[in-house]
Amino acid sequence: MIEVKVSSANAGQKMEKFVKKYLSEAPLGFIYKAFRKKDIKANGHWVPKDYVLKEGDVVRIYVTDAQLEDFKKPREAEKKPFPYKIAYEDEQILIVDKPKGLLVYGDDKGSRETLGNAVLDYLYLKEEYNPKDNSFTPSPAHRLDRNTSGLVCYGKTDAALKELTDLFKERTEIEKRYLTLVVGDVDRDGEVNIPLKKDAEKGKVFLSRLEDGGKTAITKYYVKKRYGAYTLLEIELVTGRTHQIRAHMAAIHHPVVGDNKYGDFEDDRKWKKLTGLDSQFLHAADLYFGELKGVLKPLSGKHIHSDLPELYEKALAIMTR
C-alpha cells in the first residue's frame, strides 16, 4: 500500500491525474481497474476518479510492493532475432505481422512478452537501438488489440515515428483493410457511419451522436465469401476509432464472430465448440500507401499484405465441410 499526504502543490487536481502522475510507470488499465475495485481512497473512504484533492488529504493506493517495483523497473533489452514475420523494413520503418494473442504493449498484470519488446530486442541485435540512450525508443504508430492479428508499423527513428503517426492520423495517404468473419448472411456491400464515444474506464466504445461527444466513425465493408450462417468481409477503415469495426458490425446486427465485448454471446459459444476459437475473428491484412514525402518516401505506392493466419484458415475450412 502507498500512503501520500496531499501538499498544497497537489491540491486542486483530480484524483485520476494525481494517481497517473504518482504511478507514472503503471499501465492505464491497471489504474482504471484500481478505481473500479475501490483500491484508491482518500481519508479512508473510496472516492471517484474526478474527486478534487484538498491539502492535507491522505491518499491510499492499494498496490503490492512487487507491482510497484515492476512499474518502476524497466525491462532490460536483449539481443534477439525477431520471432515473428517482418512484412517490410528499411532504415526508418519496420512493419511486422503481429500474431493473435500477443500484446503490443504491456498490460495491468505486468506482462513483458509483448510485440514492442520483441521489436526492441531485434533492433538492439541490429545495433539500431541502444537501450542506454534515453533520447528515443522505437515505437508503434498505431496499435492492435491483443486478439487482433496483422500488420503493425513501427518508427525506428524519431522522424519516422512522427511522420507515421501523422500519416495514420490524417489518413489521406494510407488505406487500412481488415478481414473479419461476422455472424449472419450479409447480402451486399455497405457502409456504417455512426459516431462512437469511448469509455476508457470500461474499455469499450458506444454508439453516440456528435453533439453528445461522439467522434465521427466510418466503416466500409465488402462481401468476400459466404459460409452459410457467417460472412467473410473485407473492411476499409475510413476513420480509425477504438474498436470501430467491432462496434459498427454489432450495430448492423452482424457482430464479429468470437467478439466477447460486442458480439453475439450465444453464437460465440457455438463457434468455440465448432472451431476451438474463443476470441474475435479479426485480421489487419493490408496497408496501401499513397504518395509520401520525407523519410516515408520509400513506402510510396507500396501495398503491404499479411496472409490470413493458419488458425483462421482452418476455421473457415471447417465451415466448408
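Note that the numbering runs from 1 along the sequence shown for the chain.
Taking all atoms of both residues into account, the shortest heavy-atom contact from A11 to K54 is CB-C, 4.0 Å. Counting all heavy atoms, side chain and backbone alike, L287 lies closest to K176 at CD2-CG, 3.6 Å. Closest of all the heavy-atom pairs between G101 and K98 is N-NZ, 4.3 Å. P298 approaches Y88 most closely through the heavy-atom pair CB-OH, 3.7 Å. Considering every non-hydrogen atom in both F82 and L115, the closest pair reads CZ-CD1, 4.0 Å. Summarising the geometry of Y129 relative to F136, their closest heavy-atom pair is CE1-O, 4.2 Å, with the distance given to 0.1 Å.
With a 4.5 Å cut-off on side-chain heavy atoms, L94 and Y122 count as touching. Inter-residue side-chain proximity for M15 and K49 is flagged as unmet; no heavy-atom pair is nearer than 4.5 Å. A heavy-atom distance below 4.5 Å is not found between the side chains of Q92 and L296. Side-chain contact between T216 and L210: present, with at least one pair of heavy atoms (C-beta onward) separated by less than 4.5 Å. You'll find the side chain of K204 stays beyond 4.5 Å of the side chain of D199, heavy atoms only. Using a 4.5 Å cut-off on side-chain heavy atoms (C-beta onward), E91 and T157 make no contact. Looking only at side-chain heavy atoms (C-beta outward), S279 and K100 come within less than 4.5 Å of each other. Two residues are said to be in side-chain contact when any heavy atoms from C-beta on lie closer than 4.5 Å; Y221 and H254 fail this criterion.
Both L282 and V152 are assigned to one and the same hydrophobic cluster, defined by single-linkage of ILVMFWY side chains at heavy-atom distances under 4.5 Å. Under the 4.5 Å side-chain contact rule for hydrophobic residues, Y227 and L277 share a cluster. Under the 4.5 Å side-chain heavy-atom criterion for grouping Ile, Leu, Val, Met, Phe, Trp and Tyr, I304 is connected to L292 within one hydrophobic cluster. There is no path of hydrophobic side-chain contacts, each under 4.5 Å, that joins I95 to L144. Cluster annotation: L164 and Y154 are assigned to distinct hydrophobic clusters (Ile/Leu/Val/Met/Phe/Trp/Tyr, side-chain heavy-atom contacts under 4.5 Å, transitive).
Remark: side-chain polar atoms of N43 are not paired, donor with acceptor, to backbone N or O of D57 under 3.5 angstrom. Side-chain N or O atoms of R171 include one that pairs as donor or acceptor with a backbone N or O of V238 at under 3.5 Å. K261 places a side-chain N or O within donor-acceptor distance of the main-chain N or O of G203, the cut-off being under 3.5 Å. Here the side chain of H142 pairs a donor or acceptor atom with the backbone of C153 at under 3.5 angstrom. Side chain of D264 to backbone of E266: a donor-acceptor contact under 3.5 angstrom is found. Checked by atom type and distance alone, the side chain of E191 never pairs as donor or acceptor with a backbone atom of K220 at under 3.5 Å. Side chain of Q244 to backbone of L237: no donor-acceptor contact under 3.5 angstrom is found. Under a 3.5 Å cut-off, the side chain of T239 and the backbone N or O of I218 do form a donor-acceptor pair. Counting only distance, with no hydrogens or angles, the side chain of D121 and the backbone of E78 share a donor-acceptor pair below 3.5 Å.
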| said: Would K41 and Y62 count as a side chain to side chain contact (heavy atoms under 4.5 Å, CB included) here? Give the steps. | reply: CA-CA 9 Å; K41 299 181 179 181; Y62 291 85; 4.0 Å; yes
| task | Please report the C-alpha distance between Y230 and D267 in whole Å, then the side-chain angles of each, then the deciding distance to 0.1 Å, and finally whether the side chain to side chain contact (heavy atoms under 4.5 Å, CB included) criterion is met. | result | CA-CA 11 Å; Y230 304 97; D267 186 87; 3.1 Å; yes
| request: Take K126 and E89, measure what side chain to side chain contact (heavy atoms under 4.5 Å, CB included) needs, and give me the verdict at the end. | output: CA-CA 12 Å; K126 295 184 66 183; E89 184 176 13; 2.7 Å; yes
| Would I40 and F35 count as a side chain to side chain contact (heavy atoms under 4.5 Å, CB included) if you check the C-alpha gap in whole Å, the side-chain angles of each, and the deciding distance to 0.1 Å? | CA-CA 6 Å; I40 297 172; F35 275 109; 3.8 Å; yes
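The aromatic rings of Y262 and H243 lie perpendicular to each other, with more than 60° between the two planes, well past the 30° mark.
With R226 as the partner, the side-chain hydrogen bond (donor to acceptor under 3.5 Å, both in side chains) test is satisfied by one option alone out of T231, D187, D185: D185. A salt bridge (charged side-chain N to carboxylate O under 4.0 Å, His left out) with K156 holds for exactly one of E128, E163, E127; it is E128. For the side-chain hydrogen bond (donor to acceptor under 3.5 Å, both in side chains) criterion with Q280, the lone passing option out of D259, D268, T148 is T148.
Taking CZ from R269 and NZ from K273, the interatomic distance works out to 11.5 Å, rounded to the nearest 0.5 Å. Note that CD1 of I93 is 6.0 Å distant from CG of D90, once rounded to the nearest 0.5 Å. Once rounded to the nearest 0.5 Å, the distance linking OG1 of T180 with CD of E234 reads 12.0 Å. Atoms CG and OG1, on L123 and T137 in that order, are 11.0 Å from each other to the nearest 0.5 Å. Taking CG of D97 as the reference point, atom CD1 of I86 lies at 10.5 Å (rounded to 0.5 Å). Taken from NZ in K14 to CG in L53, the straight-line distance is 11.5 Å, to the nearest 0.5 Å.
Shown here is H45, whose NE2 atom has no more than 12 heavy atoms of other residues, nucleotides or ligands within 6.0 Å. Residue H305 places its NE2 atom among more than 12 non-hydrogen atoms of other residues, nucleotides or ligands, all under 6.0 Å distant.
Under a 4.0 Å N-O distance rule, the pair K162/D166 qualifies as a salt bridge.
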